[in-house]
There are 2 protein chains.
Amino acid sequence: MIKCHLSRVLGERKLKISDVARDTGINRGTLTRMYHETLVRIDLETISRLCEYLSISVGELLEYQKSENNL
Amino acid sequence: MIKCHLSRVLGERKLKISDVARDTGINRGTLTRMYHETLVRIDLETISRLCEYLSISVGELLEYQKSENNL
DNA sequence: TAAAAATGATCTTCTGTAGAGCAAATTAGG
DNA sequence: CCTAATTTGCTCTACAGAAGATCATTTTTA
């Protein structure tokens with residue numbers, strides 16, 4: 001599975017979802033889904049803007065984790 | 001922008017798009033778009049299967065590059 | 001040289017993000 | 001406290017693009 005670290009990054013920096021939405025133009029609903037990891041599909045443009053805005057790499061935002069449970 | 005390194009990885013390993021499609025179950029059209037970097041949106045499940053199959057991290061597959069030209 | 005496999009392109013279907021709106025919850029002031 | 005403003009979660013519609021299938025062309029292989 002793919003783990004999204006948006007909540008951790010925002011928490012560390014004390015940023016709110018609404019801050020990111022306002023500053024990046026990314027839809028707040030999309031950010032909410034990423035935050036709660038209910039996201040299924042994502043625009044590369046969204047990943048790009050988040051990496052730019054947060055100054056992180058794709059790997060710091062999205063991480064592959066071998067799933068023990070499912071599959 | 002987000003750079004997709006699928007073509008490089010497949011090239012290095014001499015893997016064909018059809019190999020990956022067959023082995024991972026990922027739609028061949030989607031892999032073709034990734035290969036030619038015309039992909040716009042992607043399922044996290046697709047990223048997950050590619051990382052699993054190719055034994056690479058998300059960061060090795062997708063890389064953020066500060067765009068000099070556009071934006 | 002012929003058969004098989006791989007690839008690129010196109011079309012339809014269907015899922016999910018984008019975008020907007022609303023209500024509840026949290027925060028900030030007075 | 002009480003109220004106003006901000007943030008957040010949820011829902012709905014519209015649109016975009018991946019999934020899946022098909023076909024023609026190119027490449028591979030036997």
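Scope of the values below: all heavy atoms of this structure, side chains included, with no hydrogens, waters or symmetry mates. Chain letters run A, B, ... following the sequence lines, proteins first and then strands; every chain starts at 1.
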d([atom1], [X]; [atom2], [N]) in whole Å:
X	N	atom1	atom2	result
Lys14(A)	dT26(C)	NZ	P	20 Å
Asn27(A)	dT8(D)	CG	P	14 Å
Asp43(B)	dG16(C)	CG	P	7 Å
Leu39(A)	dG17(D)	CG	C1'	15 Å
Ile42(A)	dG17(D)	CD1	P	14 Å
Leu31(B)	dG20(D)	CG	C1'	13 Å
Glu45(B)	dG20(D)	CD	P	11 Å

Any side-chain to backbone donor/acceptor pair from [X] onto [Y]? Under 3.5 Å, distance only.
X	Y	value
Asn27(A)	Gly29(A)	yes
Glu37(A)	Cys4(A)	yes
Ser48(B)	Leu44(B)	no

### Message
To check you understand the geometry: which heavy-atom pair defines the closest contact between Thr24(B) and Arg49(B), and what is its length?
### Response
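Nearest pair, atom of Thr24(B) first, then Arg49(B): O-NH1, 3.1 Å.
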### Message
Tell me whether Leu39(B) shares a hydrophobic cluster with Tyr64(A), the cluster being built from Ile, Leu, Val, Met, Phe, Trp, Tyr side chains joined at under 4.5 Å.
### Response
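Same hydrophobic cluster.
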### Query
Taking for each residue the nucleotide of DNA chain C with the nearest heavy atom, is it Arg22(B) or Ile26(A) whose nucleotide lies nearer the 5' end?
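Mapping each residue to its closest nucleotide by heavy atoms, the 5'-most match is Arg22(B).
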### Query
Could you write nucleotides 7-15 of chain C as a row of B, S and -, 5' to 3', where a protein heavy atom under 4.0 Å of any base atom gives B, of only sugar-phosphate atoms gives S, and otherwise -?
BBB-----B
### Query
Would Leu6(A) and Val20(A) count as a side-chain contact (heavy atoms from CB on, under 4.5 Å) if you check the C-alpha gap in whole Å, the side-chain angles of each, and the deciding distance to 0.1 Å?
CA-CA 11 Å; Leu6(A) 183 63; Val20(A) 183; 5.7 Å; no
